[in-house]
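Worksheet for the structure shown next.
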Amino acid sequence: MTGKLLSALGHATLAMAVLCCVLLPANATFAQENNQSRNQARGQAGVFDFYVLSLSWSPTFCAAQKSGRNAQQCGSTTDFGFIVHGLWPQYERGYPEFCKVDEPGRVPNALGEPLFDIMPSMGLIGHQWRKHGACSGLSQRDYLAAIRTAYQRVKLPVALTDAAQARTLSARAVEEAFVESNPGMDAKGIAVTCERDKLEEVRICMTKDFAFRPCAEVDRRSCSLTSLTLPAAP
């Protein structure tokens, strides 16, 4: 009886070993395909409804960085306040990303460095081009020029330009400051986002000609904290 039991267990162990050999490669293939799908193209270049200009409050980002990381933005002598996170083509619902284009994925330093006053990282510039800029239907040069144009279209509220001083106010007050400083901007075309209790970004919706416009989906995602901290630059 014991011999038969041991024999049965041996056959079961062998079967499991064979099954694992069959499944493991399949699982590995699935994991590889899943990783590749994260950066798969979604959308067609040039086909979108409007832009979102995303302005990041740099001190919030820098406060979360480990020592030495993103030194150009967070360790420089410049106290960055609002910087450009990106200029994102949008649909009325959702957005395209990683569109297939003939332009290279890498942005040359000669094109990226002129934006360092408002977008102080080649890594950021390159990532934004690959994920969002490629879907604009523009060349690298023209997309980076569009970022500059969009940024210059917005007047930063004077009360929110000094990154050397921390302050606390409501998310609604941040939104209202932008609306009051920019004729034609409406509260339905801007969203404030938060990183816990800190200001993360201000996202402003624009037409393809950089006029302000409403954007219901973006506006719905706005933060509503009544006590929001704008940390000072490190």
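One is the number of the first residue; the rest follow in order along the sequence.
In summary, the side chains of Glu200 and Thr193 do present a donor paired with an acceptor at a separation below 3.5 Å, with no hydrogens or angles considered.
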task = Would you sort out whether Asp219 and Ile190 count as a side chain to side chain contact (heavy atoms under 4.5 Å, CB included), showing the intermediate values?
result = CA-CA 6 Å; Asp219 181 55; Ile190 181 174; 5.6 Å; no

query = Between Met119 and Gln128, is a side chain to side chain contact (heavy atoms under 4.5 Å, CB included) present by the stated rule, with each step listed?
reply = CA-CA 10 Å; Met119 208 172 181; Gln128 290 301 307; 3.6 Å; yes

task = Please report the C-alpha distance between His85 and Phe61 in whole Å, then the side-chain angles of each, then the deciding distance to 0.1 Å, and finally whether the side chain to side chain contact (heavy atoms under 4.5 Å, CB included) criterion is met.
result = CA-CA 11 Å; His85 179 180; Phe61 170 79; over 6 Å; no

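Contact of the Met185 side chain with the Glu180 side chain is not registered, since no non-hydrogen atoms from C-beta on lie closer than 4.5 Å. A 4.5 Å side-chain heavy-atom check between Asp186 and Val179 finds every atom pair outside the cut-off.
Applying the side-chain hydrogen bond (donor to acceptor under 3.5 Å, both in side chains) rule to Glu176 yields the partners Arg172; only residues at least two apart in sequence or on another chain are considered. Evaluation of the salt bridge (Lys or Arg N to Asp or Glu O under 4.0 Å) rule for Glu92 yields Arg213 as partners, not counting sequence neighbours. Looking at residues two or more places apart in sequence or on another chain, you find a side-chain contact (heavy atoms from CB on, under 4.5 Å) between Pro120 and Gln73, Phe80, Ile83. Glu217 meets the side-chain hydrogen bond (donor to acceptor under 3.5 Å, both in side chains) test with no other residue; sequence neighbours excluded. Gln140 is linked by a side-chain contact (heavy atoms from CB on, under 4.5 Å) to Glu103, Pro104, Val107, Pro108, Leu111, Trp129, counting only residues two or more places apart in sequence or in another chain.
Taking CZ of Arg106 as the start and CD1 of Ile125 as the end, the distance is 11.5 Å to the nearest 0.5 Å. One finds the CG atom of Leu169 at 11.0 Å from the CG atom of Leu225 (value rounded to the nearest 0.5 Å). With rounding to the nearest 0.5 angstrom, the CD1 atom of Ile118 is 9.0 Å from the CG atom of Leu55. Remark: Cys74 SG to Asp79 CG distance equals 11.5 Å, nearest 0.5 Å. The distance from atom CG of Leu138 to atom CG of Leu144, rounded to the nearest 0.5 Å, is 9.5 Å. Once rounded to the nearest 0.5 Å, the distance linking CD of Glu175 with SG of Cys223 reads 10.0 Å.
Counting Ile, Leu, Val, Met, Phe, Trp and Tyr side chains that sit under 4.5 Å apart, directly or through other members, Val47 stands alone, with no cluster partners. Side-chain heavy-atom separations under 4.5 angstrom define the hydrophobic clusters, and the remaining members of the one that includes Phe50 are Val52, Trp88, Val218.
At most 12 non-hydrogen atoms from other residues, nucleotides or ligands lie less than 6.0 angstrom from CG of Asp102.
The stretch residues 144-170 participates, sequence neighbours left out, in these side-chain hydrogen bond (donor to acceptor under 3.5 Å, both in side chains) pairs: Asp117-Arg148. For residues 172-200, the ring-ring contact (aromatic ring centres under 6.0 Å, His included) pairs, not counting sequence neighbours, are Phe82-Phe178. Note on residues 117-153: pairs passing disulfide (SG to SG under 2.5 Å), not counting sequence neighbours, are Cys99-Cys135.
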Identify all side-chain donor-acceptor contacts of residues 227-234 below 3.5 Å with residues at least two apart in sequence or on another chain.
none

Contacts under 3.5 angstrom, residues 202-210 side chains, donor-acceptor by atom type, not counting sequence neighbours:
{"from": "Arg203", "atom 1": "NE", "to": "Glu201", "atom 2": "OE1", "distance (Å)": "2.8"}
{"from": "Arg203", "atom 1": "NH2", "to": "Glu201", "atom 2": "OE1", "distance (Å)": "2.9"}
{"from": "Thr207", "atom 1": "OG1", "to": "Asp209", "atom 2": "N", "distance (Å)": "3.1"}
{"from": "Thr207", "atom 1": "OG1", "to": "Phe210", "atom 2": "N", "distance (Å)": "3.3"}
{"from": "Thr207", "atom 1": "OG1", "to": "Ala211", "atom 2": "N", "distance (Å)": "3.0"}
{"from": "Lys208", "atom 1": "NZ", "to": "Phe48", "atom 2": "O", "distance (Å)": "3.0"}

